Each structure stands twice: as structure tokens, then as C-alpha cells.
Amino acid sequence: MTTRSITDRLGGLAFGGDYNPEQWDEAVWKEDDELMQRARVNLATVGVFSWALLEPEEGRYDFAWLDAQIDRLHANGVAVDLATPTASPPPWFTLAHPDALAVLPDGTRLVHGSRDTYCLAAPAYRSAARRIASALAERYGDHPALTLWHVHNEYGTLCSCDHAAAAFRVWLRARHGSLDSLNDAWGTAFWSQRYTSWEQVLPPRATQWHKNPGQALDFHRFWSDEIIAAYREQRDAIRSYSDLPVTTNLMLPAYQNVDLWAFARELDVVTSDQYPTAPGLDASADAAFHADRTRSLGGGHPWLLMEQGTSTVYDGDQTLGKEPGEMLRHTLGHIARGSEGALFFQWRQSRAGAETWHSAMVPHAGRDSRIFREVTQVGEAVARLGELAGSMVTASVAVLDDPDAWWALDVDGLPSSRLDYHAALVRAHRALWDAEATVDFAHPEHELSRYRLVIAPALFLLSDKGAANLRRYVAGGGTLLVQHATGFVDDRLHARLGGYPAEPLREALGIRVEEYRPLRQDERITLSDGSLGTVWSESLRTEGAETLATYTHGMLTGRPALTRHRSGTGQGWYLSTLLDDADYAALVGRLLKEAGVAPDVPGLPAGVEAVTRHAPDGRNWQVLLNHNSEAVPLPDPAHDLLTDALTHELPPGGCAVLRGN
């Protein structure tokens with residue numbers, strides 16, 4: 001099952017969002033019917049946080065109100081993405097099953113009063129989640145309004161309770177087989193941590209100082225598997241009654257508690273939520289990062305943006321609004337990169353509750369507002385793009401992304417706390433986005449031969465299989481950039497002996513790192529080519545590589561900082577420090593040129609984002625987003641689907657979707 005079955009049922013791309021009619025009365029519902037038609041809404045996500053209404057007491061279901069709402073939406077031409085409400089158990093559940101409440105690593109047991117207050121490993125919770133998923137599917141599995149099933153909401157909540165501990169031990173037995181193997185993997189000979197019975201093994205709870213890094217890594221892996229198992233249980237319960245696609249909305253934030261590669265393989269269609277964390281151009285870059293990563297999780301197939309905000313930009317401890325025109329640019333930015341539409345959280349802005357001030361398609365000000373007027377404009381634009389359904393995006397550049405490497409940089413006791421995995425991933429993508437390159441993300445063990453350039457920004461942990469795969473990629477003609485602190489540990493978090501990185505990768509890079517030297521908080525170092533480094537440096541020696549830049553002061557004076565090695569028919573580059581943004585962008589631009597990577601649409605000035613979607617029958621469309629404050633002429637005038645006219649230029653902040661062959 002793919003997004004094609006969704007767009008076929010909708011008759012075009014999806015547009016709409018989370019709909020919570022239980023917050024309102026009949027008069028508002030009537031207005032909703034009118035405004036949804038005006039905005040061209042064709043898909044509504046229903047029931048995400050409705051557990052307390054659907055099951056007012058354990059085992060007793062009340063579907064009458066949901067029957068009426070689904071029938072009403074269907075009568076008004078709006079399809080339904082029906083959610084299971086398991087991200088927010090009702091008060092009666094936590095009163096009846098206090099052991100199912102989440103426990104923090106310091107032993108604090110949380111109480112009811114928010115959402116996500118449960119332990120995913122608690123048997124009572126899992127049983128209740130399966131029951132309500134089955135009940136919903138049995139009742140609505142063949143309802144003509146349904147187009148998609150939506151399990152849970154934004155999986156990822158952690159727990160350290162005794163249920164989690166018991167499940168962790170079961171998982172560890174399956175993974176390691178014996179206590180001897182576990183002790184070896186975790187290096188428990190250090191600090192007298194050797195386990196002599198399984199009952200002694202716990203999650204990584206609050207303790208005196210550094211927690212065991214192997215324990216912390218394995219707990220992340222376990223919890224990811226637990227999340228996926230919980231999803232599967234609900235999905236399979238639904239499939240007993242319905243053959244419609246089943247999904248959940250992935251979160252791609254600056255923390256990650258699930259292996260998204262593994263999770264995406266379980267989804268009939270990959271969906272995700274995106275809220276930018278900085279305003280202006282940074283917000284558009286964040287949307288591109290999110291869209292490229294989501295598309296890649298699904299193997300390049302079309303996907304669906306499940307949530308975004310009409311005017312929500314998180315900026316530290318405050319929420320900023322979006323500027324006029326940004327709603328359309330962000331929406332088209334996701335569609336350009338493979339989304340089969342755009343949904344929002346939520347349809348109508350709440351008048352009470354924890355997210356009263358979260359933006360919505362219909363704001364507190366109502367229909368007579370800039371926000372709703374822009375929503376109708378965006379809905380009209382999306383409605384014009386139905387012919388893009390099923391088309392795909394191709395990229396010739398990849399950024400490597402491995403959850404194990406992310407979790408490895410989260411453990412205690414590393415030489416520097418400034419080795420930020422997410423920041424490194426974002427930085428690599430941003431440099432490529434600024435250079436107008438279309439980007440995929442890939443796992444280090446994926447087949448990489450189709451990419452001209454691969455960047456490995458933060459693979460502190462690198463498996464033997466991954467290292468061998470990267471060596472193969474270079475030998476086969478690829479261009480690889482490996483950045484500092486890569487391959488320092490294997491997949492058990494054991495340090496690589498004999499020099500870093502992993503030996504197969506050293507062969508491709510022609511270097512050997514002997515010593516790591518983190519820099520002081522305010523220290524900046526100058527390289528021989530004039531570029532500036534921060535955060536980290538390394539003492540390395542070349543073993544066949546060419547030195548392109550050296551360090552110029554301290555004990556590393558004259559030592560290689562940037563190297564290039566020709567191996568097989570490709571080349572492996574190694575950068576042993578964190579360059580400042582301008583110098584890093586220059587290096588990435590140089591690599592793109594050497595690898596022969598050109599923009600999707602040549603001839604456009606800086607500040608114009610351009611991505612091409614390709615259909616299997618050879619048709620293509622160029623999605624252009626002008627982030628500049630002045631008009632930009634097009635190299636070749638073409639038919640714009642948004643205006644249904646020949647377009648010669650992009651207005652300031654304007655967009656176009658040009659039909660190609």
C-alpha cells in the first residue's frame with residue numbers, strides 16, 4: 001500500500017488537518033462544513049485525543065458521537081484519517097492502573113494531567129491500546145469515509161519503570177544470549193559492574209556519575225523495538241477488519257527515541273510532523289531537511305506531511321508567527337520533496353486546554369483573518385497539483401544518518417559534549433540546500449552507488465559492515481566526505497584499537513587518526529588554507545592521502561587537517577575539525593563541483609529553491625520557491641499549475657509549479 005491509494009481515493013493531493021469537533025457545538029460544526037469547503041479541505045484526521053469520550057469507562061465504548069461526525073464529514077466530501085487515541089489515556093485508566101504511569105530515570109512517577117503519561121511496556125496499557133484499536137476498526141473498517149488509519153500520535157515517550165526493566169531484560173536475553181556475552185558487550189569488567197544474574201540488570205536510571213555507555217545504547221535500541229512492537233500490535237488489530245493503509249505520524253526533532261529506518265519499514269505510507277525551530281530562511285531550510293529525511297525513510301517513495309502549523313515557529317521558549325506567504329512556501333516545499341499533500345494541526349484553534357495558543361487553520365479570529373485567507377489560498381494551490389500524485393524525487397547526493405551513531409553521542413563520558421549529532425546532520429544538509437543540491441538521507445549500510453557525493457557528518461559509531469560499505473562506495477567511483485570523530489567506536493561502543501576510524505574506512509581515506517584534541521569553548525584555529533575550525537581537532541597521519549590543508553599552531557602545526565585520497569575510481573575526503581559555516585559551505589561547494597552535481601534547475605539565482613518531481617511515464621514538474629524579496633526571471637518560461645498560465649518570473653516571495661515534459 002502506498003500514498004497512491006490515498007490520492008486515488010481523494011482524487012488529488014491531500015489537504016486538511018486534525019479535526020477535534022468534540023471541542024465545539026453544533027453551530028460551530030455547521031460553520032466548519034462551510035469553511036472546509038471554502039478551503040478545499042478533503043482529509044480530516046479525527047479521534048487523536050478522544051480516548052476519554054470513546055471509552056468513558058473501561059470496556060464500555062460510546063461511538064455515537066463519532067458516528068455522527070464521520071457521517072457528517074463524508075456527506076460534505078471530506079475523507080477521514082481515523083486515529084487510535086492511545087497517546088493520551090483517560091483518567092480512569094491511570095486510576096485503575098497506576099503502575100502503567102511513566103517513571104523518570106530518577107524514580108519519579110508521573111501523574112495524569114498531560115498527554116503521553118504512560119509506560120509503553122506496561123501490559124495494562126498495551127492491552128487497552130489493542131482493545132480500542134480493534135473496537136474502532138471493527139466499527140469503521142468498511143465506512144466509505146475512511147481513507148487512512150492513523151495509529152497513536154508521535155511515538156517516543158521514554159520510561160524507566162519496573163515494567164520497562166522486565167521487558168528490557170527479555171530483549172537483552174534475545175540479543176546477547178547469555179550474561180557472559182552481555183558483560184563483554186557492556187565492558188562490565190570496568191568499575192566492578194559484572195552481572196551474575198539477569199535480575200540485576202536495570203534500565204539506565206539516575207546514578208552517582210557516568211552511566212555504562214553500552215547499557216545506555218542498548219536501552220535506546222530496546223525502547224525503539226518496544227515502540228515498533230506497540231505500533232505493530234495496533235496495526236495488526238486494524239488489519240483484521242480493514243485493508244486501508246495504516247500509518248503513524250513520525251516526529252523528526254532534535255531528539256530521537258526510535259530507529260526511524262526500522263519504523264518506516266512498518267508503515268504503509270510514511271507520514272511525519274514538522275514545526276520549524278527558527279524563523280525566516282532557516283524555517284524553509286528546516287522544512288527541506290524534514291522533507292528530504294522523511295522521503296528517504298520511505299525509500300524515496302511519496303509520503304505525507306501529517307502536521308505543520310499555519311503560524312507556528314518554535315524559537316527557544318517562545319512561539320513565533322509565520323510571515324505572509326510562508327504558509328504556502330513551506331507547504332509547497334514539502335510537496336516539492338515528495339509529500340502527497342499537506343495537513344495541519346489543527347483545523348480550528350482551541351479556546352481552552354494545553355494547546356490553546358497553538359496556531360490552526362481557523363484561528364481564534366475566525367474566518368475574517370489573514371490566517372484563514374492564506375489557508376484558502378494554500379488549499380486552492382494544493383487542489384491544482386493533483387497531477388503530481390505518485391511522482392518521485394531523485395537525488396545525487398546523500399547524507400548518512402544512523403540512529404546508533406546518534407545514541408552513541410548521547411552517552412556519558414565522551415571527550416566533548418559539543419559533538420552534536422543532530423546539529424551536524426542539519427549543517428550538512430543546509431550547506432547542500434544552500435548550494436541548490438537535492439539531498440537524500442541514507443544509512444551507512446545502504447546501497448550508495450547511485451549517489452555522486454556522500455557526506456558522513458557524525459558517524460562516531462560505525463559498524464564493520466558500514467565501514468566496509470563506505471570503502472566499497474569509494475572504490476566504485478563515489479566521492480565521500482568523512483568528518484571528524486567518525487568510526488571511533490564499533491556497534492558495541494567499543495573503542496577502535498590501532499587508530500581511528502574503522503580499518504576498512506581508513507583504507508578508503510588513506511589516513512590514520514592517532515589522537516583526538518577537543519578545543520576550548522572559545523577557541524578557533526586557523527588552517528593553512530585560511531579556513532577556521534572550532535570544537536574539535538585531531539592528530540592524524542596520511543597513509544596515501546594528499547594533504548589539502550594543515551593546522552598552523554600548537555602541537556598540531558603542520559599536521560594534516562583536510563585530506564583527499566584516491567581509492568579505486570573514487571575519492572575519500574577527511575575533515576578533522578569543525579569548520580565555520582562559510583568555510584564549510586565552500587568545501588561542500590567544491591565537492592559538489594568535483595563530483596559533477598548540478599542544481600535541478602540551472603540558471604537560477606541564490607535564494608530560489610528548485611526541486612523536480614518525476615513521474616514514471618516521463619513527465620516532470622519543477623517546484624520553484626523564491627525566498628528573495630525581489631522578483632526573479634525564469635531561464636525558460638513555462639506553464640505554471642498554480643496560475644494555469646505561462647509564467648516568465650517569480651514574484652518576491654512567490655512560488656510556481658512548472659509542468660515539464
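In this text, all values refer to a predicted model and were calculated from it rather than measured experimentally. What you see below is based on every heavy atom in this structure, not just the backbone, and it leaves out hydrogens, waters and symmetry mates.
Remark: H429 pairs with F289, F441 by the ring-ring contact (aromatic ring centres under 6.0 Å, His included) rule, at least two apart or across chains. Here H446 pairs with W261, H443 under the ring-ring contact (aromatic ring centres under 6.0 Å, His included) rule; sequence neighbours left out. Every residue two or more places apart in sequence or in another chain that forms a ring-ring contact (aromatic ring centres under 6.0 Å, His included) with Y275 is listed here: Y314, H358.
To the nearest 0.5 Å, the span separating OG on S537 from CD on E523 amounts to 7.0 Å. Annotation: the span from L409 atom CG to F488 atom CZ amounts to 10.5 Å, rounded to 0.5 Å. Atoms OH and OG1, on Y195 and T188 in that order, are 7.5 Å from each other to the nearest 0.5 Å. To the nearest 0.5 Å, the span separating CD on Q571 from CZ on R566 amounts to 5.0 Å. Here the OG1-CD1 distance, from T157 to I227, works out to 8.0 Å after rounding to the nearest 0.5 Å. The structure places CD of E307 at 11.0 Å from CD of Q274, a figure rounded to the nearest 0.5 Å.
Judged by distance alone, with hydrogens and angles left aside, the side-chain atoms of Y500 form no donor-acceptor pair with the main-chain N or O of E515 at under 3.5 Å. Proximity of a side-chain donor or acceptor of Q622 to a complementary backbone N or O of A610 within less than 3.5 Å is not detected. Put simply, the side chain of T486 gets close to the backbone of Q483: a donor and an acceptor are under 3.5 Å apart. A side-chain donor-acceptor contact under 3.5 Å links R496 to the backbone of L462. A donor-acceptor pair under 3.5 Å is absent between the side-chain atoms of S531 and the main chain of D583, judged by distance alone. At least one donor-acceptor pair closer than 3.5 Å links the side chain of R613 to the backbone N or O of I335. At distances below 3.5 Å, at least one donor-acceptor pair connects side-chain atoms of H494 with backbone N or O atoms of D184. Within the 3.5 Å criterion, the main-chain N or O of M306 finds no donor-acceptor partner in the side chain of T271. Between the side chain of T534 and the main chain of I525, no donor-acceptor pair closer than 3.5 Å is present. Between the R293 side chain and the D401 main chain, no donor and acceptor come within less than 3.5 Å of each other.
Counted within 6.0 Å of CD on E154, heavy atoms from surrounding residues, nucleotides or ligands total more than 12; the atom is thus considered enclosed. Enclosure of atom OH in Y516 is not indicated, since only 12 or fewer non-hydrogen atoms of other residues, nucleotides or ligands lie within 6.0 angstrom.
Partner D440 forms a salt bridge (charged side-chain N to carboxylate O under 4.0 Å, His left out) with one of R337, R295, R452 and no other, that one being R295. Tested against Y574 for a side-chain contact (heavy atoms from CB on, under 4.5 Å), the candidates V482, L481, L562, L505 yield a single pass: V482. Here the options are F168, W186, W171, the test is ring pair (Phe, Tyr, Trp, His ring centres under 6.0 Å), and the partner is F219; only F168 passes.
Ring planes of H290 and H334: perpendicular class, angle over 60° (limits at 30 and 60°).
Checked by atom type, the side-chain pair Q256/W407 shows no donor-acceptor distance below 3.5 Å. A donor-acceptor contact closer than 3.5 angstrom links the side chains of Q308 and T331. Using modelled atom types, one finds no donor on one side chain facing an acceptor on the other under 3.5 Å when comparing H220 with D410. Residues E609 and H627 have side chains that bring a donor and an acceptor to within less than 3.5 angstrom of each other.
Contact of the P501 side chain with the L509 side chain is registered, since non-hydrogen atoms from C-beta on lie closer than 4.5 Å. Inter-residue side-chain proximity for T248 and F263 is flagged as met; some heavy-atom pair is nearer than 4.5 Å.
At a threshold of 4.0 Å, the pair R232-D225 does not count as salt-bridged, since none of the basic side-chain nitrogens sits closer than that to a carboxylate oxygen. Checked for salt-bridge contact, R194 and D180 meet the test: a charged N lies under 4.0 Å from a carboxylate O. Looking at R221 and D259, no side-chain N of the basic residue comes within less than 4.0 Å of a carboxylate O on the acidic one, giving no salt bridge.
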Open item on the list: Between T479 and E594, does the side-chain hydrogen bond (donor to acceptor under 3.5 Å, both in side chains) criterion hold? Intermediate values first, please.
Closed with: CA-CA 8 Å; T479 298; E594 292 207 11; over 6 Å; no
